[in-house]
Amino acid sequence: MNKQSQCINALRFPLAVAVVAIHATVISVQAEGMEVFNTIFHLVSDGVAKIAVPLFFAISAWLFFVKGWTWQGYAEKLRRRCRTLIVPYILWNTLYLILWYAAQELLPSLISGNYTAIRDYRPLDFLRCFWDILGGTLPINGALWFLRNLIIFNLLAPLFYYPLRHCGTLLMPLLTVLYALGIGSGWFISMESIYFYALGTWLASNRRPLFRPLRHAHLIWLLWALLLVATLWWQPLTQCAILTGCLYATHLTYTMAGRTARALPSRLSACSFFLFAYHTLPNALIGKLLLKLPGMDSEAAFLVAYPTLIIATTALGIALYNIGIRLTPRMMGILCGGRAATATTTRTSSPSAH
């Protein structure tokens with residue numbers, strides 16, 4: 001368990017940065033006809049980074065079930081998830097509702113006009129901000145669909161645990177095939193989130209590690225690279241690429257966890273939830289500002305702006321987190337579901353989510 005915890009701590013911050021990269025689309029949507037840029041963006045944001053949320057689901061499920069199952073323990077875990085999931089989910093969406101309104105009123109040129117202005121919301125729309133206001137699928141803080149689905153899965157934990165504990169050897173291959181074929185990718189609760197939460201549940205319920213070394217790992221890495229390149233021409237291979245990438249990531253994390261733990265400051269790992277929850281609006285605003293800079297009409301400029309956006313959003317998140325933890329540690333702890341309190345420790349914060 002200690003090695004698994006070490007792996008989770010080592011992986012949390014890189015996965016949070018990967019989520020920031022996924023949402024760097026404010027740059028890519030303006031890059032029509034830029035073949036080199038679009039290829040790189042596809043391989044990174046739509047390729048390598050796409051393993052982040054599936055791994056978060058698997059980690060969250062594994063942590064939920066790894067210490068065994070009892071109904072009393074289930075009730076206690078749900079009670080703790082109120083603090084670590086539900087409270088941050090409500091607070092961050094409320095904060096985003098306020099910030100989006102302010103941005104729409106004060107900085108309209110930097111905000112997409114694809115969504116209804118908040119000043120025109122009907123009463124039901126304010127409730128939908130916590131469920132599916134964006135495109136009928138996302139809460140107002142779009143990245144928090146992960147927390148919403150995770151809350152649902154944790155409530156339905158017995159429906160995952162008992163079938164997978166007793167029939168997992170039959171169910172997991174079936175779910176793997178369904179996921180690899182892309183079935184359910186457009187569902188409100190996507191097959192991807194169901195599959196990886198089920199995978200974490202199955203591993204934990206059978207006392208299997210989530211991270212372990214693999215034989216012939218170099219071949220898995222090669223297969224992942226080939227699948228990523230193949231998705232440039234055939235999108236249906238995306239799920240196979242994500243599966244292969246997640247498998248390789250668990251091997252790589254296991255083999256490098258000790259060195260990563262020494263090289264990665266503990267506060268970076270601790271701020272991963274804050275970075276994940278905060279980044280959507282800053283990503284959009286910084287990206288729009290970069291696009292307004294002189295000379296942003298060439299592919300070379302876009303190739304510079306893309307990593308600059310990811311680095312700037314991440315650096316700002318780290319800075320805000322550290323300022324917050326110094327000035328208002330209690331509030332930061334509430335916003336991060338208690339995870340901020342682990343900034344000076346090395347134990348795993350309960351990332352049933354992140």
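- Listed by chain and number, the residues in a side-chain contact (heavy atoms from CB on, under 4.5 Å) with Ala319 amount to none (sequence neighbours excluded).
- Within the 4.5 Å cutoff, the side chain of Ile242 has no heavy atoms near those of the Leu227 side chain.
- A cation-pi arrangement is present between Arg148 and Phe188, with the terminal nitrogen or guanidinium carbon under 6.0 Å from the aromatic centre and inside a 45° cone about the axis.
- With contacts defined as side-chain heavy-atom distances shorter than 4.5 Å, the pair Trp100/Cys129 does not qualify.
- In the hydrophobic clustering of this structure, Val29 does not group with Val20; members are Ile, Leu, Val, Met, Phe, Trp, Tyr whose side-chain heavy atoms approach within less than 4.5 Å, directly or through other members.
- Within a 6.0 Å sphere centred on CZ of Arg212, heavy atoms belonging to other residues, nucleotides or ligands number 12 at most.
- Between Tyr195 and Thr176, the side chains place a donor N or O and an acceptor N or O closer than 3.5 Å (distance only, hydrogens not considered).
- The six-membered or imidazole ring of Phe276 lies away from that of Trp92, with a centre-to-centre distance of 6.0 Å or more.
- A heavy-atom distance below 4.5 Å is found between the side chains of Phe153 and Ser193.
- Side chains of Phe57 and Ile194 form no contact here, defined as non-hydrogen atoms less than 4.5 Å apart.
- Side-chain atoms of Val177 and Leu181, non-hydrogen and from C-beta on, do get closer than 4.5 Å to each other.
- To the nearest 0.5 angstrom, Asn141 atom CG is 5.0 Å from Tyr96 atom OH.
- Using a 4.5 Å heavy-atom cutoff, the side chains of Phe13 and Thr314 are in contact.
- Side-chain N/O atoms of Asn154 and Tyr197 include a donor and acceptor closer than 3.5 Å.
- Ring planes of Phe65 and Tyr161: parallel class, angle under 30° (limits at 30 and 60°).
- Leu147 places a side-chain heavy atom less than 4.5 Å from the side chain of Phe273.
- Rounding to the nearest 0.5 Å gives a distance of 12.0 Å between CD1 of Ile318 and CD1 of Ile323.
- Between Phe211 and Gln6 there is no side-chain heavy-atom pair separated by less than 4.5 Å.
- When only modelled atom types and interatomic distance are considered, Thr313 and Asn283 share a side-chain donor-acceptor pair under 3.5 Å.
- From Trp145, atom CH2 reaches atom OH of Tyr89 across 11.5 Å, with rounding to the nearest 0.5 Å.
- Residues passing the side-chain contact (heavy atoms from CB on, under 4.5 Å) test with Leu232 are Thr39, His42, Leu43, Val229, sequence neighbours excluded.
- Remark: Thr328 OG1 to Leu335 CG distance equals 8.0 Å, nearest 0.5 Å.
- To the nearest 0.5 Å, atoms CG (Leu174) and CG (Leu170) are separated by 9.0 Å.
- Counted by atom type alone, Ser28 and Thr25 present zero donor-acceptor pairs between their side chains at under 3.5 Å.
- Taking the six-membered ring for Trp and the full ring otherwise, the centers of Tyr179 and Phe196 sit less than 6.0 Å from each other.
- No cation-pi contact links Arg165 to Trp202, judged by a cut-off of 6.0 Å to the six-membered ring centre and 45° from its axis.
- Relative to the ring axis of Tyr254, Lys3 places its NZ or CZ within 45° and under 6.0 Å from the centre.
- In this structure, Leu144 CG and Leu91 CG are separated by 11.0 Å, a value rounded to the nearest 0.5 Å.
- Below 30°, between 30° and 60°, or above 60°: for Tyr162 and Trp69 the angle between ring planes is above 60°, a perpendicular geometry.
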